[in-house]
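First listed ligand is number 1; within each ligand, the first listed atom is number 1. When a residue number appears, it is its place in the shown sequence, counting from 1.
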Amino acid sequence: MKLSQQVIYQIYPKSFYDSDGDGIGDLRGIISKIDYLKQLNIDMIWFNPFFVSPQNDNGYDIADYYRIDPTFGTMADFEELVATLKAAGIGVMLDMVFNHTSTQHEWFQKALAGDETYQKFYYLRPAKADGSLPTNWESKFGGPALGPIGDTGLYYLHLYDPTQADLDWHNPAVREACAEVVNFWRDKGVQGFRFDVINVTGKSEQLVDAPTGVASKTLYTDTPIVHDYLKELNEASFGQDPDSITVGEMSSTTIKNSIGYTKPSNHELSMVFNFHHLKTDYVDGRKWSRMAFDFPRLKQLLDGWAAGMDAGGGWQALFWNNHDQPRALNRFGDAGQYRVKSAEMLATVIHLMRGTPFIYMGEEIGMVDPYYDSMADYADIEALNAYRALVRSGYSHKDAFTIVRTKARDNSRTPMQWDATPKAGFTTGRPWLRPTNQQTINVADELDHGEIFNYYQQLIHLRKTMPIIADGTYKTWRLDDQQVFGYWRQLGEQQLLVLNNFYPTATTVKLPEAMVNAEVLLSNYPDVVVQADLQLQPYQSVALLLN
Ligand code: TEU
């Protein structure tokens, strides 16, 4: 099946289903739920990392790329998972975290012990003459981005947690080692690869200070050399498999660079995740802040990226949710009265768009944030660091907590809610994160009498059966409507107009004259009357098809 017809589901293994009662999800738990996943008719599953890791960053601090962490199971379990998914027509996408390794990784341990070969795997630099750190870069998790490496007198770079040491991609041995990891998993039948923060691997050799007022990430993000690295990795590994599907996580990237990363003739990646639309509820670009989402800005970004990538021949991964983001329903929809309708509206926006839609586990049943009431409930290193930083900068506990509760990555990492029982049917043990709203939101009830799951089934079916959705061009509808984000898809003579009301109030849209003769391809409300002044109910989506 063509990439444009495919839909990819994301599983955070730690929170999907626990088969052995230790309170942590595992591979055998996933195997036991494949019949559920088959009902969605998805094509591939992206698994967050389950390799050997000290779990300081929930598995993004990898200590061995070749072994399954015993917490999640064994290699035999993984091989059974791949085979069972294959029999169900579902491919496997693994998460390749190549910007950094855990400081527990053998390579770093050898560097720490003075092995010069492995010291060249990392960015090790001496302090400045005045004894200050080699550079003034900031870690994305707060604090300086360099720390001392043992008693070597040197400092190592870590753009994330201090237990995540950045690999030096200028070193061909590092790039070869990464290609070998990909090929090892390809030999296990893996055809999909997600590359974690891959556009920050192009740091310069000279770690130059960021000028005052300039964010250090601008110095090392999306640098031109990343295209060279991706071309090389493509040729040395996944590019040898015509059916491989790859996606790059590209923080702070541009349309121009993303066309470069994904244009098929460039032989880099299949598609990219960009995050600009998920920063429209950031005050002045600051994640740890609170504001209602900026709808005009959201429309401009969704439209601009879709039009730009179409014009340039690039390809987008389309998503609202992942393991790093609060649940989209809490940010862009309604977690209360219109939870169901706004879940369906948000799904329509991305599933009828040009690109490859990703469904994050629980999105298909309308899961929302847990609304924990204490900092003790939060586990994520980024959230804990942010809380401390907010309080240090003068925020009251209450205000700091309110911000963390809104933006913490834990919000999407709570256990998948399988039923209404106290542990949501996720574990027989003590869940590593507490479910809180499974009585009203769970798989069992959703399959029994819900409508969101069925709506996702319809969207996925349309992508596989309607070439205009999979392969049609994208065209801007209008960006000045106060409540509605709409867009055109076109293929030959066929036109599809997708209208999405982002608000809990009804509104009217003046249809282009020709569209009053269109048929209703899909709506999350029944009995749509197609007329010049089209009525849209709260959070209503309507897709109108004109042949
Ligand atoms: O995320 C990249 C990243 O910058 C995240 O921290 C994310 O953008 C941010 O939390 C949003 O506020 C990747 C992984 O998805 C994330 O889970 C890892 O923590 C991170 O890289 C380091 O590997």
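- Under the 3.5 Å distance criterion, with hydrogens and angles disregarded, a donor-acceptor pair is assigned to the side chains of Arg290 and Thr406.
- With Tyr17 as the aromatic partner, Lys33 meets the cation-pi criteria of under 6.0 angstrom to the ring centre and within 45 degrees of the ring axis.
- Heavy-atom proximity to Phe141, at under 4.0 Å, picks out these atoms of ligand 1: 6 (O), 19 (O).
- When only modelled atom types and interatomic distance are considered, Asn330 and Tyr371 share a side-chain donor-acceptor pair under 3.5 Å.
- With hydrogens left out, the protein atom closest to atom 11 (C) of ligand 1 is Lys287 NZ, 3.6 Å, a heavy atom.
- The closest protein non-hydrogen atom to atom 22 (C) of ligand 1 is Asp57 OD2, 3.5 Å.
- The closest protein non-hydrogen atom to atom 9 (C) of ligand 1 is Glu382 OE2, 3.8 Å.
- Nearest protein heavy-atom neighbour of atom 13 (C) of ligand 1: Asp196 OD1, 2.8 Å.
- By the 4.0 Å N-to-carboxylate-O rule, Asp69 lies too far from Lys14 to be salt-bridged with it.
- Ligand 1 lies out of reach of Lys279, whose nearest heavy atom is not under 4.0 Å from it.
- When the shell of 6.0 Å around NZ of Lys120 is examined, it contains 12 or fewer heavy atoms from other residues, nucleotides or ligands.
- Heavy atoms of Arg413 found under 4.0 angstrom from ligand 1 belong exclusively to the side chain.
- Those atoms of ligand 1 that come under 4.0 Å of a heavy atom in His100, given as number and element, are 22 (C), 23 (O).
- Residue contacts with ligand 1 do not include Phe275, since none of its heavy atoms lies under 4.0 Å from the ligand.
- Here the heavy atom of the protein found nearest to atom 6 (O) of ligand 1 is Arg409 NH1, 3.5 Å.
- Protein heavy atom nearest atom 1 (O) of ligand 1, with residue, atom name and distance: Glu249 OE2, 3.1 Å.
- At least one heavy atom of Arg194 sits less than 4.0 Å from an atom of ligand 1.
- Ligand-side atoms of ligand 1 in range of His323: 14 (C), 15 (O), 16 (C), 17 (O), range being under 4.0 angstrom from any heavy atom.
- Scanning the protein heavy atoms around atom 17 (O) of ligand 1, the nearest turns out to be Asp324 OD1, 2.7 Å.
- Within the 3.5 Å criterion, the main-chain N or O of Val208 finds a donor-acceptor partner in the side chain of Trp137.
- In this structure, the protein non-hydrogen atom closest to atom 4 (O) of ligand 1 is Tyr160 OH, 3.4 Å.
- Ligand 1 lies out of reach of Lys407, whose nearest heavy atom is not under 4.0 Å from it.
- One side chain, Asn58 or Tyr12, offers a donor N or O that lies under 3.5 Å from an acceptor on the other.
- For the residue pair Asp399/Thr402, the side-chain donor-acceptor check at 3.5 Å is not satisfied.
- Under 3.5 Å, the side chains of Gln191 and Asp241 contain a donor-acceptor pair of N or O atoms.
- Between the side chains of Ser19 and Asp26, at least one donor N or O sits under 3.5 Å from an acceptor N or O.
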